[in-house]
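To start, the structure itself, in structure tokens.
Model, not experiment: these values are computed from the prediction.
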Amino acid sequence: MILIKYIERFILLISKFPFKSFISLYNKNANVVIISSFLTTGKFGRELLIRELGYIRYCCDNDIEFYFGKLSGSFKNKIIFWAPNLSIDKYKFDNYSKVILDLATSIEAQGNKLFPSSKELLFLENKKFMHDVLYKFNINTPKTWSYDKLNQIEYDLLEFPLLWKGAHSSGSQDIVKFENLNELKKFISVRDTWEKVILQKLVNMRRDMRVTIVEGEFFSAFWRINEKEEWQVTATSLGSRLEFTEISEKLFNDLKYIMDLCDLTTAGIDICWENDDIQGDPIILELSPLFSINPYVDLSNKKYKYGEFKKKYFGKNSYGSLQQKELIEITYSYFDSKYSQIFDNHN
């Protein structure tokens with residue numbers, strides 16, 4: 001099944017690639033540079049390639065000369081677009097988000113305009129930084145305790161049940177629930193003492209919402225609903241149901257305000273409500289400048305859930321096809337906004 005998935009994804013990428021325009025607009029000395037994640041790391045990251053395809057298609061649609069190649073320290077005074085993730089850290093550091101951030105600041109130090117920028121990437125899979133910023137601005141988040149090392153944990157301050165969250169992780173990875181102090185201490189006893197710690201009071205909820213805002217405009221929103229009695233992360237791979245929805249103008253403005261405080265113009269934001277009471281104050285769980293996307297599809301007349309839909313391949317409205325379409329749309333809008341800003345500010 002994995003092989004079939006990658007074959008489908010590869011065919012989809014090739015089918016949308018503007019070969020003719022690419023050849024005519026490709027210029028090794030162009031001011032616009034699009035970093036190739038594959039050429040840089042040697043690893044096939046499908047969603048990264050889709051984002052790069054979105055950048056390429058924007059240039060091709062607007063007759064902009066560009067260079068597409070691997071990351072280089074020789075870039076100076078360029079306009080650079082990239083889609084960084086953990087694969088760019090070839091040395092496999094635990095804090096790979098810092099490696100990405102160091103690269104970003106080094107690129108910018110040579111006069112380059114980089115997107116996503118180092119300022120945006122401060123929020124990329126760095127939960128401690130994110131919670132510190134949200135706390136600074138008094139944003140409603142779950143009660144959180146963060147420590148730079150395991151031996152700094154103040155056990156008498158903790159409230160159970162709580163979650164352990166990997167300080168540098170994405171999706172539903174490295175999230176563990178603990179009912180009491182003994183469970184937590186047993187878990188910690190086999191961890192590395194230097195490890196950063198994010199502990200979070202468990203919110204009583206069975207659903208959370210992902211809202212995507214692209215360059216200040218609402219893009220999509222959906223509920224991830226855990227239909228089991230016991231708590232679990234709301235990943236569709238674990239059987240959660242997806243329900244697409246709209247959001248109120250007030251919620252959109254509240255989220256936009258938070259993004260403005262964080263200097264983010266595009267983000268995927270995860271929110272929930274205590275006791276699933278949407279009349280209460282929304283609780284911000286996560287926000288990130290780079291994110292995956294679950295594309296809209298109507299499954300109301302189907303017998304399977306979204307997690308099963310993801311495993312259906314080679315259809316006109318397959319998950320891979322719809323996801324690629326929406327990711328390109330997001331990336332295209334992002335490029336359009338950032339590229340336009342440079343020249344608006346210059347003029």
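Between the side chains of Glu326 and Tyr296, not a single donor N or O lies within less than 3.5 Å of an accepting N or O. For Thr144 and Lys127, the side-chain atoms include no donor-acceptor pair closer than 3.5 Å. With hydrogens and angles left out, the side-chain atoms of Glu125 and Ser288 include no donor and acceptor closer than 3.5 Å. A donor-acceptor pair shorter than 3.5 Å can be found between the side chains of Asn275 and Asn204. Between the side chains of Tyr58 and Asp336, at least one donor-acceptor pair of N or O atoms lies under 3.5 Å. With 3.5 Å as the limit, one finds a donor-acceptor pair spanning the side chains of Thr266 and Glu215.
Closest approach of Gln232 and Leu238 over heavy atoms only: NE2-O, 3.2 Å. Across all non-hydrogen atoms, the minimal contact from Ile79 to Tyr339 is CD1-CE1, 4.2 Å. Of all the heavy atoms in Leu39 and Gly69, the pair that sits closest is CD1-CA, 4.0 Å. Of all the heavy atoms in Arg206 and Asp276, the pair that sits closest is N-OD2, 3.0 Å. When every heavy atom of Arg46 is checked against every heavy atom of Gly320, the shortest pair comes out as NH2-O, 2.9 Å. What you find for Ser292 and Gln323 is that their closest heavy atoms are OG-NE2, 3.5 Å.
Annotation for Tyr304: atom OH counts as buried by contact number, over 12 foreign heavy atoms lying within 6.0 Å. Within a 6.0 Å radius of NZ in Lys78, more than 12 heavy atoms belonging to other residues, nucleotides or ligands are found. Counting non-hydrogen atoms of other residues, nucleotides and ligands closer than 6.0 Å to CZ of Phe10 gives a total of 12 or fewer. Heavy-atom neighbours of Tyr257 OH from other residues, nucleotides or ligands within 6.0 Å: at or below the threshold of 12. A 6.0 Å sphere centred on OH of Tyr6 holds no more than 12 heavy atoms belonging to other residues, nucleotides or ligands. Other residues, nucleotides and ligands contribute more than 12 heavy atoms inside 6.0 Å of the NZ atom of Lys201. Within a 6.0 Å radius of NZ in Lys310, other residues, nucleotides and ligands contribute more than 12 heavy atoms. Under a cut-off of 6.0 angstrom, the local environment of CD in Glu274 is crowded, with over 12 non-hydrogen atoms contributed by other residues, nucleotides or ligands.
Stacking of Lys311 on the aromatic ring of Tyr319 is not recorded, the 6.0 Å distance cut-off and the 45° axial limit not both being met. By the 6.0 Å and 45° rule, Arg51 stacks over the aromatic ring of Phe291.
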Donor-acceptor pairs are to be reported for all side-chain atoms of residues 177-184 against protein atoms at under 3.5 Å, with residues two or more places apart or in another chain.
residue	atom	partner	partner atom	Å
Lys177	NZ	Glu179	OE2	2.8
Asn180	OD1	Asn182	N	3.2
Asn180	OD1	Glu183	N	2.9
Glu183	OE1	Glu179	N	2.9

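In this structure, CG on Asp254 lies 6.5 Å from CD1 on Ile258, to the nearest 0.5 angstrom. Interatomic distance, Cys59 SG to Glu65 CD, rounded to the nearest 0.5 Å: 10.0 Å. Distance CZ/Phe335 to CD1/Ile34: 5.5 Å, rounded to 0.5 Å.
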Practice task
Apply the test side-chain hydrogen bond (donor to acceptor under 3.5 Å, both in side chains) to residues Asn226 and Thr234: give CA-CA distance (whole Å), side-chain angles for both, the deciding distance (0.1 Å), then the verdict.
Solution key: CA-CA 6 Å; Asn226 172 22; Thr234 55; over 6 Å; no

Practice task
Begin from the C-alpha positions of Ser318 and Glu8 and carry the test side-chain hydrogen bond (donor to acceptor under 3.5 Å, both in side chains) through to its verdict.
Solution key: CA-CA 10 Å; Ser318 70; Glu8 184 212 35; 2.8 Å; yes

Problem - Stepwise ring pair (Phe, Tyr, Trp, His ring centres under 6.0 Å) test for Tyr67 and Tyr26 - result: CA-CA 6 Å; Tyr67 170 68; Tyr26 178 88; 5.7 Å; yes

Exercise for the section: Mind running salt bridge (Lys or Arg N to Asp or Glu O under 4.0 Å) on Glu227 and Lys305 for me, showing each step along the way? Expected result: CA-CA 11 Å; Glu227 297 181 308; Lys305 294 182 180 179; 2.7 Å; yes

Exercise for the section: Assess whether salt bridge (Lys or Arg N to Asp or Glu O under 4.0 Å) is satisfied between Lys302 and Glu308, documenting all intermediate values. Expected result: CA-CA 11 Å; Lys302 306 295 183 181; Glu308 296 172 80; over 6 Å; no

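Using a 4.5 Å heavy-atom threshold, the side chains of Lys128 and Asp132 count as touching. Using a 4.5 Å heavy-atom cutoff, the side chains of Leu71 and Ile107 are in contact. Residues Ile100 and Trp82 have side chains in contact (heavy-atom distance under 4.5 Å, counting atoms from C-beta outward). For the pair Ile56/Phe68, a side-chain contact is recorded, criterion being any heavy-atom separation below 4.5 Å from C-beta on. Proximity of Tyr96 to Asn126: side-chain heavy atoms (C-beta onward) are nowhere separated by under 4.5 Å. Residues Ile247 and Met209 have side chains in contact (heavy-atom distance under 4.5 Å, counting atoms from C-beta outward). For the pair Leu53 and Pro18, the minimum side-chain heavy-atom distance is below 4.5 Å. Looking at heavy atoms from C-beta onward, Leu103 lies in side-chain contact with Ile88 at the 4.5 angstrom threshold.
Between the side chain of Ser24 and the main chain of Ser21, a donor-acceptor pair closer than 3.5 Å is present. Side-chain atoms of Ser337 do not come within 3.5 Å of backbone N or O of Ser333 as any donor-acceptor pair. Panel note: side chain Gln324, backbone Ser321; no donor-acceptor pair is recorded below 3.5 Å. Between the Asn112 side chain and the Leu114 main chain, no donor and acceptor come within less than 3.5 Å of each other. With hydrogens and angles disregarded, a donor-acceptor distance shorter than 3.5 Å links the side chain of Asp298 to the backbone of Ser300. In this structure a side-chain-to-backbone donor-acceptor pair under 3.5 Å is missing from Gln200 to Trp164.
Residues Lys149 and Glu195 are not paired through a salt bridge, judged by the lack of any N-O separation under 4.0 Å between the basic side chain and the carboxylate. Ionic pairing of Glu47 and Arg9 is not present here: no N-O contact between side-chain nitrogen and carboxylate oxygen is shorter than 4.0 angstrom.
Aromatic pair Phe17/Phe22: centroids less than 6.0 angstrom apart.
In this structure, Phe123 and Phe129 have perpendicular ring planes: the angle between them is above 60°, well past the 30° mark.
Within the structure, ring pair (Phe, Tyr, Trp, His ring centres under 6.0 Å) pairs that include any residue of residues 200-239 comprise Phe222-Phe244, Trp223-Trp273 (at least two apart or interchain). Among pairs with a residue in residues 30-45, those fulfilling side chain to side chain donor-acceptor pair (under 3.5 Å) read Ser37-Glu52, at least two apart in sequence or across chains.
Exactly one of Val211, Asp208, Thr141, Ile278 qualifies for a side-chain contact (heavy atoms from CB on, under 4.5 Å) with Ile271. That residue is Val211.
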